[in-house]
Amino acid sequence: MVGGLRASDDGTEATLAGWVHRRRDLGGLLFLDLRDRSGLVQVSLGPEWTDEASMAHAQEIGHEDVILVEGVVALRPEGNRNADRATGDVEFRARTVRRLSKARTPEIPVYRAPEDELPAEELRLRHRALDLRRSELQRNLALRHRLVLEVRNYMDRHGFLEVETPILTKATPEGARDYLVPSRVHHGEFYALPQSPQLYKQILMVAGFDRYFQIARCFRDEDLRADRQPEFTQIDVEASFIDVEDILVWIQGLMASLADVAGIDAPLPFPRLTWAEAMERYGSDRPDLRFELELEDWTDATAGVDFGIIRSQVDAGGRVRGVRIPDGARLSRRQIESIEAVAKAAGAPGLLWAKRSEDGTSGPLGKFLEPTDADAMGLEVGDLALVAAGPDALTSPVLAAVRDEVAVVAELPRVREHAWLWVTDFPVYLEEDGELVASHHPFVMPHVDDLDLIETDPARVRGTAYDLVYNGTEFGSGSIRIHDPELQRRVLRVLGLTDTEIEEKFGFLLGALSAGAPPHGGIALGMDRIVQRFTGSQSLRDVIAFPKTTAARGLFEGAPTSVGAAELEALGLRLGPDVAGRGA
RNA sequence: GGGGCUGUAGCUCAGUCGGUUAGAGUGCCGGUCUGUCACACCGGAGGUCGCGAGUUCGAGUCUCGUCAGCCCCGCCA
């Protein structure tokens, strides 16, 4: 491993192999930077220590060729050391050099000068073998390996058993679109790739594997984002005879040891907020607590303000909420408008604001405020208030987006660099466009005190679900599950499923629950996302060796492709007229 | 499904108001050079301006369509 050579290795005979990262030909002397995944070392060739045939052969050696070098580690001459490089005190004096493999001129450079831009991502993905040679990606994948290893070690230490669950599974109504795989044996029938091993792991609990985990590949056929890939990896965990507290303690312990591997702070225990508190104080179920800025309820403080927008929203049952930015009056109109743009993108018709100065208050809302109103709102001279009025369902996401944007625009000081948080007690049901949907998934055990509300007031039923949040990103999500088949049926019925549909879709789960199911629960954590955040990568694509593009294509291998008529025939499939002419 | 940005040499980019032969750096090829490390210096090759229509005397430049990549909304835990 060439990157580990140091002055203490002076005089060591060795044979090194790797790629030619860079070459500097001085005529009589030739320097090659030799690279492997451990780093770089300078190989020097000169007539006094390199044999004649190798000197001649070396003339043909170019960038990214694979070479084998035999020689000795030597201290560099005084004055020729390179302090910017780990191996800079030494060089490898080649006695012989042999090219093992010639590389065509690289389509994209592996070497980058300090100020060079990265090649376009399309090219990086198309020529992934070259791109993956870059030290950043090598480092990302190496950290990913160490994190996965630590997951397995930690879970093993805590008595968890890794069990593999099927990749060819049954289509589930879990929300996202399934990837379907046609059955050759049963024409007209399809497997689905798993969106998660949720049902299998619950069945493993019924089977008595009371502590399970899996590094599980999952699939969702939905449109992509920078932080969303069609196939992704979850740390899937489930345990029996436990309560919420057990899971939170295990998992925060896991995260602390993963963070330790990555050199990131994760002081235990992690702070907690209930979902209701998080929504009230931050407008979000995954607030970024690196900075301190909380939403305020100014409904009462503005009760006397004669401003149409506010009055009409409050009369309709809404509230007046917002954020107070101390010293925020220094923000320019342009900066405030950029925050308002974010608010609008989050669904707000507009954003009200008020600046307080020595002369009073100004701004679209400010001009309606009396000094007593500003006092009631807690506004001090120099403060800026950003305000939204309306129902919480509208203002919460708006103000959450405003809060994040303010942190950037107003350069709010970070009170910590690594903000861990548990959000607990998610509701079982959320109302969306007048319809009830499961807030996590329909297997979440309702809070014991709220069981009577399931049919009468479902939106108020608290669940035993929790999310793990890191710097405003959801790392994972879990709950205690329903282990009573009758309760499971009740919860599903409220979602609008008929008994027939329930049997059809969840029959095998309900059957298993009837076989003597232990109380159980668990969590699923997004492995890719954890690695992304721990490495500081902008995109999930930088922590996955062979990712898909936003159009769900693999550019390196060229997936997906059309298939021939014979393959379709064997599967009992025929293409529709609008696609039949394309491709093979 | 919708919106936005980008596409010019192998790579990263510049290209004025629509005007003569489309440039730079780097890489590549050839040459000089015994301590370089973004080696230096000299010379050279390299272009379907993503693709297709249209406007125009004339299009890298303007218009429309289309393809690809990226970002966002919808969707998705």
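As the structure is a computational prediction, the values presented were derived from the model and not from experiment.
Relative orientation of the Phe426(A) and Trp275(A) rings is tilted, given thresholds of 30° and 60° on the angle between their planes. The aromatic rings of Tyr470(A) and Trp420(A) sit tilted, their planes meeting at an angle between 30° and 60°.
Using a 4.0 Å heavy-atom cutoff across all strands shown, Glu107(A) reaches sugar-phosphate atoms only and no base atom. Residue contacts for Glu91(A): at a heavy-atom cut-off of 4.0 Å it reaches a base atom on one of the strands shown. Residue contacts shown for Arg35(A) are absent, as no nucleic acid heavy atom lies under 4.0 Å away. Using a 4.0 Å heavy-atom criterion, one finds that Leu30(A) contacts no nucleic acid atom at all. Across all strands, Pro119(A) comes closer than 4.0 Å only to sugar-phosphate atoms, never to a base (heavy-atom distances).
Base-pair partner of G7(B): C67(B) (Watson-Crick or G-U wobble, both distances under 3.5 Å). Under the Watson-Crick and G-U wobble criteria, each requiring two contacts below 3.5 Å, nucleotide G18(B) is left unpaired. Under the Watson-Crick or G-U wobble criterion, with both distances below 3.5 Å, G35(B) has no partner in any strand shown. Nucleotide G43(B) forms a Watson-Crick or G-U wobble pair with C29(B), both donor-acceptor distances falling under 3.5 Å. Checking G60(B) for Watson-Crick or G-U wobble geometry (two distances, each under 3.5 Å) identifies no partner in any strand. Across the strands present, C13(B) finds its partner in G23(B); the criterion is a Watson-Crick or G-U wobble pair with both atom distances under 3.5 angstrom.
Taking the C1' atoms as reference points, U26(B) lies 15 Å from A40(B), given to the whole Å. If you take atom C1' in G23(B) and the same atom in U16(B), they sit 14 Å apart, rounded to whole Å. Spacing between U61(B) and G15(B) at atom P, rounded to whole Å, works out to 14 Å. Separating the P atom of A45(B) from that of G10(B) is a span of 15 Å, rounded to the nearest Å. Comparing C49(B) with U20(B), their P atoms are spaced 16 Å from each other, to the whole Å. For the C1' atom pair drawn from U8(B) and A14(B), the interatomic distance equals 10 Å after rounding to whole Å. Comparing G43(B) with G25(B), their P atoms sit 12 Å apart, to the nearest whole Å. Distance noted for atom P between C67(B) and A59(B): 25 Å (whole Å).
Between Asp528(A) and Arg144(A) a salt bridge is recorded (basic side-chain N to carboxylate O distance below 4.0 Å). Ion pairing between a basic and an acidic side chain is recognised when a charged N comes within 4.0 Å of a carboxylate O; Asp178(A) and Arg220(A) show no such pairing.
Side-chain N/O atoms of Ser38(A) and Asp36(A) include a donor and acceptor closer than 3.5 Å. Between the side chains of Ser101(A) and Arg99(A), no donor-acceptor pair of N or O atoms lies under 3.5 Å. Inspection of the Asp467(A) and Ser477(A) side chains reveals an N or O donor paired with an N or O acceptor under 3.5 Å. Using a 3.5 Å distance cut-off with no hydrogens or angles, the side chains of Ser135(A) and Gln138(A) do not pair a donor with an acceptor. Between Thr96(A) and Glu70(A), the side chains place a donor N or O and an acceptor N or O closer than 3.5 Å (distance only, hydrogens not considered). Between the side chains of Tyr212(A) and Asp236(A), at least one donor N or O sits under 3.5 Å from an acceptor N or O.
In this structure, of U34(B), C76(B), C39(B), it is C76(B) that holds the atom nearest to the side chain of Glu222(A). The side chain of Tyr111(A) lies closest to A38(B), out of A38(B), C11(B), U36(B). Comparing C75(B), G35(B), C11(B) against the side chain of Arg177(A) picks out C75(B) as the nearest. Nearest nucleotide to the side chain of Ala176(A), out of U12(B), G35(B), C76(B): C76(B).
Taking atom CG on Asn80(A) and atom P on G35(B), their separation rounds to 9 Å, with Å as the unit. Protein atom CG of Leu40(A) is 10 Å distant from nucleotide atom C1' of C37(B), rounded to whole Å. Here the C1' atom of nucleotide C11(B) and the CD atom of Glu64(A) are 14 Å apart, to the nearest Å. We find that CD of Gln42(A) is positioned 10 Å from P of C37(B), with the value rounded to whole Å. Atom pair Lys344(A):NZ and G3(B):P shows a separation of 20 Å (rounding to whole Å applied). At whole-Å resolution of the value, CG in Asp33(A) and P in A38(B) are 9 Å apart. Counting to the nearest Å, the P atom of C13(B) and the CZ atom of Arg112(A) are 12 Å from each other. The CG atom of Asp178(A) sits 18 Å away from the P atom of C75(B) (whole-angstrom rounding).
Of the side-chain N and O atoms in Arg24(A), one or more sit less than 4.0 angstrom from OP1 or OP2 of C39(B).
Applying the 3.5 Å distance criterion, the base of C37(B) shares a donor-acceptor pair with the side chain of Asn82(A). On a pure distance criterion of 3.5 Å, a polar donor-acceptor pair joins the side chain of Arg228(A) and the base of C76(B).
Glu431(A) pairs by the side-chain hydrogen bond (donor to acceptor under 3.5 Å, both in side chains) definition with nothing, not counting sequence neighbours.
Toward the 5′ end of RNA chain B lies the nearest nucleotide of Ile108(A), the other residue of the pair Ile108(A) and Arg23(A) mapping further downstream.
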Query raised in the report: With the sugar-phosphate defined as primed atoms, P, OP1 and OP2, and the base as all remaining atoms, what B/S/- string results for nucleotides 23-33 of chain B, 5' to 3', for protein heavy atoms under 4.0 Å?
Result: ----SS----B

Report summary line: In 5'-to-3' order, the base (B), backbone-only (S) or no-contact (-) status of each nucleotide in nucleotides 65-71 of chain B, using a 4.0 angstrom heavy-atom cut-off, is ---SSBS

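Under the 6.0 Å distance and 45° angle rule, Arg128(A) does not count as a cation-pi partner of Phe556(A).
Checked options Arg22(A), Arg23(A), Arg24(A); the residue passing with Asp33(A) is Arg24(A) (criterion: salt bridge (charged side-chain N to carboxylate O under 4.0 Å, His left out)).
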